[in-house]
Asks: 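Following this message is one structure expressed as structure tokens.
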Amino acid sequence: MTAYPAEHSGDPSASLTGQVFRPARERPVRMRGVTEADLPELHRLDREVFQEVAYPYFMLRQLFDMYAEHLLVLDDGEALQGYVLAGTGLGSGLGWVLGLGVARERRGEGLGRRLMLEILRRLRNDGIREVRLTVDPTNAAAIALYKASGFAPASPEGGLRRNYFGPGEHRLVLGLSL
């Protein structure tokens, strides 16, 4: 029998090393706390998801230092596929979801919901009584996820805050009582 290199085998998932390539959708993800070693990959994912409004690397570093216990990632063993970050005020009972993102190729699998449910569970266990977040008012998929998780527009103005992130950068502010 003649052995052919992977590129001639007819199997597009075969690699030259004999390992089968598994697309991201086929790789199971594990939720875990972030580590310092994850920061470059987390920054890559944040830029993919949020583009021009992504956190600068130095800010992610500082958020990691402050809120590591509320910074969770979804890891498929090859890359981070999602994350959620929440911040809390000392003794205020108020928490904010500061970021929730899922890699484009993994959207539609329920990973955002999984991240949201876990961070809300952790915040509740930490004594947080109210959680807020902001979202681009044109991001229908994210708004649907947040509303399905129990969030509702926060007052005033039905949650819409014009110029929240600066001129022309409107945000919908949503809240949830835990």
Side-chain angles (χ1 to χ4, degrees), residues 29-36 38-39 41-43 45-51 53-75 80-103 106-178:
V29 295
R30 179 175 68 95
M31 188 180 308
R32 62 175 176 78
V34 73
T35 66
E36 186 173 358
D38 291 323
L39 290 176
E41 176 67 6
L42 178 61
H43 186 240
L45 176 63
D46 193 55
R47 284 184 317 198
E48 173 192 321
V49 172
F50 293 106
Q51 300 169 10
V53 294
Y55 287 116
Y57 186 91
F58 79 88
M59 188 68 182
L60 278 176
R61 172 63 210 210
Q62 291 175 328
L63 291 167
F64 165 76
D65 289 341
M66 294 173 61
Y67 304 118
E69 71 278 4
H70 293 130
L71 180 51
L72 307 173
V73 295
L74 293 173
D75 185 352
L80 298 182
Q81 298 297 324
Y83 85 96
V84 64
L85 166 65
T88 59
L90 208 54
S92 72
L94 176 64
W96 282 83
V97 174
L98 301 172
L100 188 150
V102 174
R106 298 303 294 259
R107 292 179 186 166
E109 297 180 46
L111 300 179
R113 177 174 169 74
R114 191 171 150 194
L115 287 162
M116 180 60 79
L117 291 174
E118 179 59 21
I119 201 64
L120 292 176
R121 184 190 70 75
R122 289 179 183 220
L123 290 169
R124 186 178 300 110
N125 288 345
D126 289 345
I128 299 301
R129 295 181 307 279
E130 183 181 356
V131 180
R132 293 184 190 158
L133 58 80
T134 68
V135 60
D136 182 331
T138 66
N139 189 340
I143 293 168
L145 167 67
Y146 301 146
K147 286 186 174 182
S149 300
F151 284 85
S155 296
E157 301 172 22
L160 183 62
R161 300 284 303 274
R162 297 189 181 284
N163 304 314
Y164 189 83
F165 281 167
E169 296 292 331
H170 312 314
R171 287 294 179 268
L172 187 60
V173 180
L174 303 177
L176 171 69
S177 293
L178 295 179

Asks: Could you tell me which non-hydrogen atom of D136 sits nearest to which non-hydrogen atom of R171, and how far apart they are?
Replies: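 Closest pair (atom of D136, atom of R171, distance): N-CD, 3.7 Å.
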Asks: So I128 and L94, do their side chains get closer than 4.5 Å, heavy atoms only?
Replies: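 Heavy-atom side-chain distance check fails, nothing below 4.5 Å.
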Asks: Just wondering, more than 12 heavy atoms not from R121 lying within 6.0 Å of its CZ?
Replies: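 Enclosed: over 12 neighbouring heavy atoms sit under 6.0 Å from CZ of R121.
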Asks: Are the side chains of V29 and L111 in touch, meaning some heavy atoms are under 4.5 Å apart?
Replies: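 SC-SC contact between V29 and L111 confirmed.
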Asks: Is there a side-chain contact between L85 and L72, using heavy atoms and a 4.5 Å cut-off?
Replies: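 They are not in contact (no side-chain heavy atoms under 4.5 Å apart), so the answer is no.
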Asks: Measure across R162 and H170 and return the closest heavy-atom pair with its distance rounded to 0.1 Å.
Replies: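 That would be CA-ND1, 3.2 Å.
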Asks: Shortest non-hydrogen contact from L80 to E41?
Replies: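 Minimum heavy-atom separation between L80 and E41: N-OE2, 3.2 Å.
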Asks: Is a donor on one side and an acceptor on the other found under 3.5 Å between the side chain of D75 and the backbone of R30?
Replies: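 Answer holds: no.
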Asks: Taking all non-hydrogen atoms of both residues into account, name the closest pair between L45 and Q81 and its distance.
Replies: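 Closest approach of L45 to Q81: CD2-C, 4.0 Å.
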Asks: Between R122 and D126, does at least one N-O distance fall below 4.0 Å, as a salt bridge requires?
Replies: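 So R122 does not pair with D126 through a salt bridge.
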Asks: Going by heavy atoms in the side chains, are V131 and W96 under 4.5 Å from each other?
Replies: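 No, too far: nothing below the 4.5 Å cut-off.
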Asks: Within a 6.0 Å radius of atom CZ on R107, are there more than 12 heavy atoms belonging to other residues, nucleotides or ligands?
Replies: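 More than 12 heavy atoms, drawn from other residues, nucleotides or ligands, come within 6.0 Å of this atom.
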Asks: Check the pair H70, V84 against side-chain contact (heavy atoms from CB on, under 4.5 Å), reporting the backbone distance first and the verdict last.
Replies: CA-CA 8 Å; H70 293 130; V84 64; over 6 Å; no
Asks: Heavy-atom count check: over 12 atoms from other residues, nucleotides or ligands less than 6.0 Å from R32 CZ?
Replies: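 Yes, CZ of R32 has more than 12 neighbouring heavy atoms, counting only those of other groups under 6.0 Å.
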Asks: Can you name the closest pair of heavy atoms from P137 and L160 and give their distance?
Replies: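 That closest heavy-atom pairing would be CG-CD1, 4.0 Å.
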Asks: Mind checking whether L133 and M116 have side chains closer than 4.5 Å, heavy atoms only?
Replies: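 In short, these two side chains touch, coming nearer than 4.5 Å.
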Asks: Rounded to the nearest 0.5 Å, what's the gap from OH on Y146 to CG on L176? Could you check?
Replies: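 Here the interatomic distance stands at 12.5 Å.
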Asks: Any side-chain heavy atom of V73 within less than 4.5 Å of one from M31?
Replies: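 No, side chains not in contact.
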Asks: A side-chain contact here means heavy atoms from C-beta on lying under 4.5 Å apart; do L100 and Y83 qualify?
Replies: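 In short, these two side chains do not touch, never coming nearer than 4.5 Å.
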Asks: Can you find a pair of side-chain heavy atoms, one from L174 and one from P153, that are under 4.5 Å apart?
Replies: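 Heavy-atom side-chain distance check passes, below 4.5 Å.
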Asks: Can a donor-acceptor pair be found, under 3.5 Å and without considering hydrogens, that links the side chain of N163 to the backbone of G168?
Replies: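 Looks like yes, one N/O pair under 3.5 Å.
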Asks: Would you mind telling me which of L172, V173, V97 makes a side chain to side chain contact (heavy atoms under 4.5 Å, CB included) with T134?
Replies: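 Looking at L172, V173, V97, the match for T134 under the side chain to side chain contact (heavy atoms under 4.5 Å, CB included) is V173.
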Asks: Shortest non-hydrogen contact from I119 to A86?
Replies: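 Of all heavy-atom pairs spanning I119 and A86, the closest is CG1-CB, 3.7 Å.
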